[in-house]
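Here's the structure we're looking at; comments come further down.
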Amino acid sequence: MATNTTTVSGPGNGADTTGPTGTVPGPPARQSGAGAWHRYASALRRPRGAAGAGLLALLILAAVLAPILFPNGYDDQSSGALAGPSAGHWLGTDELGRDILARTVFGLRTDISLLLTAVPLSAAIGTLMGLAGVITRWLGTGMQRLLDIILGFPGLILGMTIVLVVGTGWLALFLSILVVGLPMFGRQARAGLLVEQEREYVLAARVLGVRKRTVMVRHVLPNIVDPIVVNASVFMVVAIFIEAGLSIVGLGIEPPVPSLGAMLNTGARYVEVHPAYIIGPGLVLLLLALGFTLLSDALNKAVLKR
Amino acid sequence: MIRFLLRRVPSILLVIVATSVIAFLLPRLAPGDAAAAAAGPEATTEQIEAIRVEMGLDRPLVEQYVGWVGGLLTGDLGQSLQFNRPVSELIGDRIGSTLELTIAAMLILTVVGIGVGIFGGSARSRLSRLTSDATNTLLLATPPFLAGLLLIIVLGVAFPVLPISGEVAVLDDPMIGLQYLLLPAVALAVPMSAGVARLVQSSMHNVWQQDFVDLAVAKGVPRRRINIRHVVRNSLGPAVVALGMRFGDMLAGAVVIEMIFARNGIGQLAVTGVQNADYNLVQVIIVGAVLIAVLMQLMTEIALAGLDPRVRLGA
Amino acid sequence: MRLTGKSPALAAAAATRRTERDWSADAPLLQVRGLRTEFATDAGTVRAVNDVDLAVQSGTVLGVVGESGSGKSVTARSIMRMVHAPGRIVAGEILFDGRDLRRLTEEQMREVRGREIAMVFQDPQSALNPVMTVGDQIAEALIVHGADKRTARARALELLQQVGIPDAERRISEYPHQFSGGMRQRVVIAIALAGSPKLLIADEPTTALDVTIQAQILRLLARLKDELGVAVLMITHDMGVVAETCDDVVVMYGGRVVERGPAEALFAHQEHPYTADLLRAMPRIDEHGSGNGNGGGTSRDKVSRSQGLPAIPGTPPDPADLPPGCAFHPRCRLAEDQCRTDVPELLARTHSTNVDGGDRRGGRAAACWITQRGDAIPPLPRLIHAESAPAGNSSQPAASRVATTEVGAVEPGTVEPGAIQPHAGGAARPGSGSPMLAVEDLRVNVAADRRTLFGRPDPVYAVDGVSLSVAGGETLGLVGESGCGKSTLARTVVGINRPSSGTVRVGPGQVDATTAGGVQSLRSTVQYVFQDPYASLNPRRSVRQSLDEALEMRGVPRSQRAGEATELIRRVGLNENHLDRYPHAFSGGQRQRIGIARALAVQPRVLICDEPVSALDVSIQAQIINLLEQLRDDLGLGYLFIAHDLSVVRHLSDRVAVMYLGKIVETGPVDAVYSAPQHPYTVALMSSSPVPDTTARDRERIVLTGDLPSPKNPPSGCRFRTRCPIGPLAHPERQICVEQEPALSVTADGQRAACHFAGEMRPAHGS
């Protein structure tokens, strides 16, 4: 799981395995030297990475440009309700006569803004919780127990609990994504910490008398960050599902602001009379999740080599 | 093994107790007055006060908690504020539907997840590997409700072959009941099975690299037999863990699926409870969900011990 | 067959059988001709095995010996047609019993595997399926070749008994994790024997095992070979194992066979410079080394210091980037122009085939332009300092800098001002100076977190009452098998683990290292050299960054660090061009040098070397050992040198301590301990160590039974009694061993041993 162990292996398993010596047959061991960015970039050269990143770039671009693409906004009710696809409204209109395509793109904007704020924050806080054991062992164990408790809650149940406290809306979605992610990142960070702390170069630094904080920053953290970043990309998909799941049962964002999940919620009611309603938001949601799935696959292979 | 399980007891108890505290505190944490929220917007001050006493909000916190937990343990789950009926009755009415759905979905998840995983892990031709990879990736990106909506459009609207709304208890009428159950269960299970399948597949891939597989080859064991006796056998552990971990997600997924397919299950009950601030009801559902999820994890560990002698006999 | 313990009758029977076979068919059992195996990689095609010829006669052992990357394992896998993708056999014949295995269908090949050719793998920890009982795994080897379940099960039991698993009826239904490493390897061997194969391919079968367990397994293999008449193809990197077990030898280098011949002939006289140099570069357990030899009253001046080992320069070549011509030429002191351009052919050497059976077994052959002309190979000289230079850097300014004089003092002026200065203890008589490191009655609980079910602490003392001291300029060798607690001891000394009791005192002032003030002197006095050169350097930091960190700890101002780093890197035989590279650019030996440089940066008085050469190829080991010797003598460093290899310890140490299950069982001057070991464990360790000399084959060997007990639950009284050849196992009346723990007390030969019957057991020299 750690990035830079001696992943040097010869041609298949057929190489001599008597002892690790410098000369190893096969491809040059691609170990991280200076270029952490290089490894991330190499993910984009994989077919899945390129497809995922391209897809995401397109979706994010659309979300950013939404006000320019649809100058009338998401709440323009000037047309007939529940109309089918037409030249004016490619995906038709909703129950209030609003353009579904425009609302989809604005909904995507809501989703992406949620993901790009809640997920990194969750990763950061979760990592810190996982690393709390560095300060005192007691604190570390306490944090792990806290994460265990959070993990006991199935995702959507946790979301409902949060809605009960803070009410429906953007904040509840944001907090739900944030809290659901904590155990994953926290456990990952702790597992990484336990492995990295025992690495010989970490021990060597300790034997030299390097201060604990310096050892952490120089030797331990850099090797914990990679798996966290990769996991964050995996968690994006989960976060999308949380937003949509809470919204679809009516606990999502407050109207009239669109989100992909909220549109599916209303769309599902008209599925028999107006099936095209859910196709737009459904497809965009799928593409968004697909983009992150592909990207995380490629990152897993390129950065974590697994 | 027993030692191992006993060691897990404290942390399981901790999770359950902590959950009950959180659930208990919910009405007290909510902004504003829980009693007022529960009484609804048109309630008079007297009515709110009456509800406050009924909810026990006027007593000291610890006393309230002990009373509430005592009630849970003795089967007194309290009174639903929105339906004015005992919570136990409400849950009793609906639990059958949710059980049907989750059991059916769990079966599908196990069969499809492990089956597809083994297929992908055993595939030797480039085409079948590619196909299984692509299907997997697509399913991984598909949330259950989207699968549900798609199924409704295709099999309910475009080619109406199966009912898409409502339910009939399987025990009352197996044939019709199963027809109603099929789409929701498939919608819930199939997208989730991709995660299980992928795990099985990658774990099989890892096992193929192990020295003991080489030893089996050197013994002259045919490839098929190596695959089944050595590789699949060693990959089932991760699969079981994955299934156990997903049970919680399945409960959550059931909430959404029940909404979409208009099934009268616990999920719908929970959602209306949250929407109407029916704290007494939601508290019980939360504690129940966590309890079930935690017990499932424990069962997973027992199953794992059955599969792996290193766990069973203490490595 | 040459291991002792054989019954003469069996040996005779085996000999007869062999003769009969030879009569019936003169062709070898296995004949490989022109084998070529390639791997398609991103960097192009890697030819791991190139034109390899070898032959195994029925009932004999052929050793294939080589360093990493020599292609020996790929050769073994090629014969089994088990090369992993992207590897592919591209040319050659593999004639087995008259059939070319390359021409068989996959199904026919499957029939050959297990039934006619079987394989034993290196790592018994991973070679068994963890979820199948060992009985089922053995039986499977029979079932897939047509046996029914009952027969297979009965035969599995028989096999378990045959490979020496005690209580086989019960253990047949146990899982691999319930077996120790040595026992697992026996199970693997049982699986291999299940189909009664004619040929057993053993790929480093003892490399992952401790020396006493290795002796058990080698003896087992030899016995089985004699009893069953099975031929063995033994892949190994250990010349000692070859000398002790093989009839014929093939030496591989850079994917090719460079020399072959009958073992006796090959060890007596080498036809390829690589073989010759490799043998010379190995320290010998029966030879004085560079230790000061001040034990037993001899002055260190009597034995000249720092003889050094003859070392082969450079590193084994990367198969992906083989040098043109003879692959060995960059490291060969005899290389000529022709060696650099033309690949020498493996040609028969007639002038040395007069040794027994040479002709029948394929005879001597070597691939060398020089010796082909009949030129002799002069012995590899000691202390050629250019040799410590890594490959690819022909000019090494550092070389002369680390040169030492005979007496070991550094000549003034060779070390730049401000650089590492020799400590006062350096020139002083080692051992007589005040100790720089003194450990007193140390106990270490490695299970501080362990609790029983009811919350009681459940301590495991990996180190249980150890005392030792190291003075400047002195080397204390610490030997013992894995699990004896030697690494835990070392890590506790430097503060990685916490001691439960006992003291660690450092420096001339003997400061208690466990106090707050003592930690500072500990850091500046004692440093650590790690075993795994791949894990001990942070892959994300350049060599300069690693050294800077250490220099910063010494308080060297930023402006002077560049100069100091240059000085350090030169001192360990690298140069300043290496400073800005990252660890992945270096070979194992080079990384170990960098690790040493980092430890030296704080100008310590004592280095703790935890198996610093055991992960390295044999030809690299000598370079690192020489470097350590030079540094010790130049700088007056004291070493606590931990190793499982007794030869290396003897070469380097002044004093030696033998550890068993958390305790020191024998300690004293190196010559005294090696020439007259007093503790039966020491005797057993020494007699189990393979010697790279075929004339030592017939020496009497003491092979211990059983495994190291767990430190969780050590035996009462003497901890060694459960395996002791002179303890209650052999003499039931010796209850004192069970009841009373022996103290470390002085013996007649001057060393101290912890045995109630010290000195009773003596090593038998020769036969």
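First the proteins, then the strands, lettered A, B, ... as listed; each starts at 1. Values below: all heavy atoms of this structure, side chains included; hydrogens, waters and symmetry mates excluded.
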Under 4.5 Å to a heavy atom of chain A? For R198(B) that would be side chain
For chain B, find which of G250(A), G282(A), G291(A) contributes the most heavy-atom pairs closer than 4.5 angstrom.
G282(A)
Heavy-atom distance under 4.5 Å between the side chains of I292(B) and F247(B), does that happen here?
yes
Which of these passes side-chain contact (heavy atoms from CB on, under 4.5 Å) with M160(A): I285(B), V271(B), I286(B)?
V271(B)
With L175(A) via side chain to side chain contact (heavy atoms under 4.5 Å, CB included) - residues at least two apart:
I162(A), V166(A), L171(A), L178(A)
Between F241(A) and L156(A), is any pair of side-chain heavy atoms under 4.5 Å apart?
no
Chain B shares the most heavy-atom pairs under 4.5 Å, among N265(A), T161(A), D148(A), I279(A), with T161(A)
If you measure from CZ on R246(B) to CE on M296(B), what distance do you get to the nearest 0.5 Å?
12.5 Å
So Y270(A) and Y277(A), would you call those rings parallel, tilted or perpendicular, with 30° and 60° as cut-offs?
parallel
For a quick test of reading the model, state the closest non-hydrogen atom pair linking S235(B) to V200(B) and the distance between them.
CB-O, 4.3 Å
Determine which residues belonging to residues 255-269 of chain B lie within contact range of chain A, meaning some heavy atom pair is under 4.5 Å apart, and list them by number or answer 'none'.
V255(B), V256(B), M259(B), I260(B)
Under 4.5 Å from any heavy atom of chain B - which part of T293(A)
side chain
Would you say CZ of R145(A) has more than 12 non-hydrogen atoms from neighbouring residues, nucleotides or ligands within 6.0 angstrom?
yes
Show the nearest heavy-atom pair for residues V119(A) and A232(A), with the distance to one decimal.
CG1-O, 3.8 Å
Going by the side-chain hydrogen bond (donor to acceptor under 3.5 Å, both in side chains) test, which pairs reach into residues 136-148 of chain B, not counting sequence neighbours?
R48(A)-T137(B)
Measure up the W170(A) and F174(A) rings against each other and bin them: parallel (under 30°), tilted (30 to 60°), perpendicular (over 60°).
parallel
Between I278(A) and chain B, with a heavy-atom cut-off of 4.5 Å, which part of the residue counts as in contact: side chain, backbone, both or neither?
side chain
Give, for atom CG of L138(B) and atom CG of L290(A), the distance between the pair rounded to the nearest 0.5 Å.
6.0 Å
Where along residues 16-24 of chain B does a heavy atom come under 4.5 Å of chain A, listed by residue number?
A18(B), T19(B), I22(B)
For a quick test of reading the model, state the closest non-hydrogen atom pair linking S259(A) to S247(A) and the distance between them.
OG-OG, 3.8 Å
Per-residue tally against chain A (heavy atom, under 4.5 Å) across G253(B), A141(B), A270(B), A293(B) peaks at A141(B)
Determine the option with the most heavy-atom pairs under 4.5 angstrom with chain B, choosing from L251(A), V163(A), V237(A), T168(A).
L251(A)
Pair count under 4.5 Å, heavy atoms only, with chain A: among L149(B), V294(B), L140(B), highest is L149(B)
R190(A) and T141(A): which non-hydrogen atoms are nearest, and at how many Å?
NH1-N, 4.4 Å
For chain A, which of I12(B), L26(B), I152(B), N206(B) has the most heavy-atom pairs under 4.5 Å?
L26(B)
Tell me which of these, L286(A), L151(A), L288(A), I157(A), has more heavy-atom pairs under 4.5 Å with chain B than the rest.
L286(A)
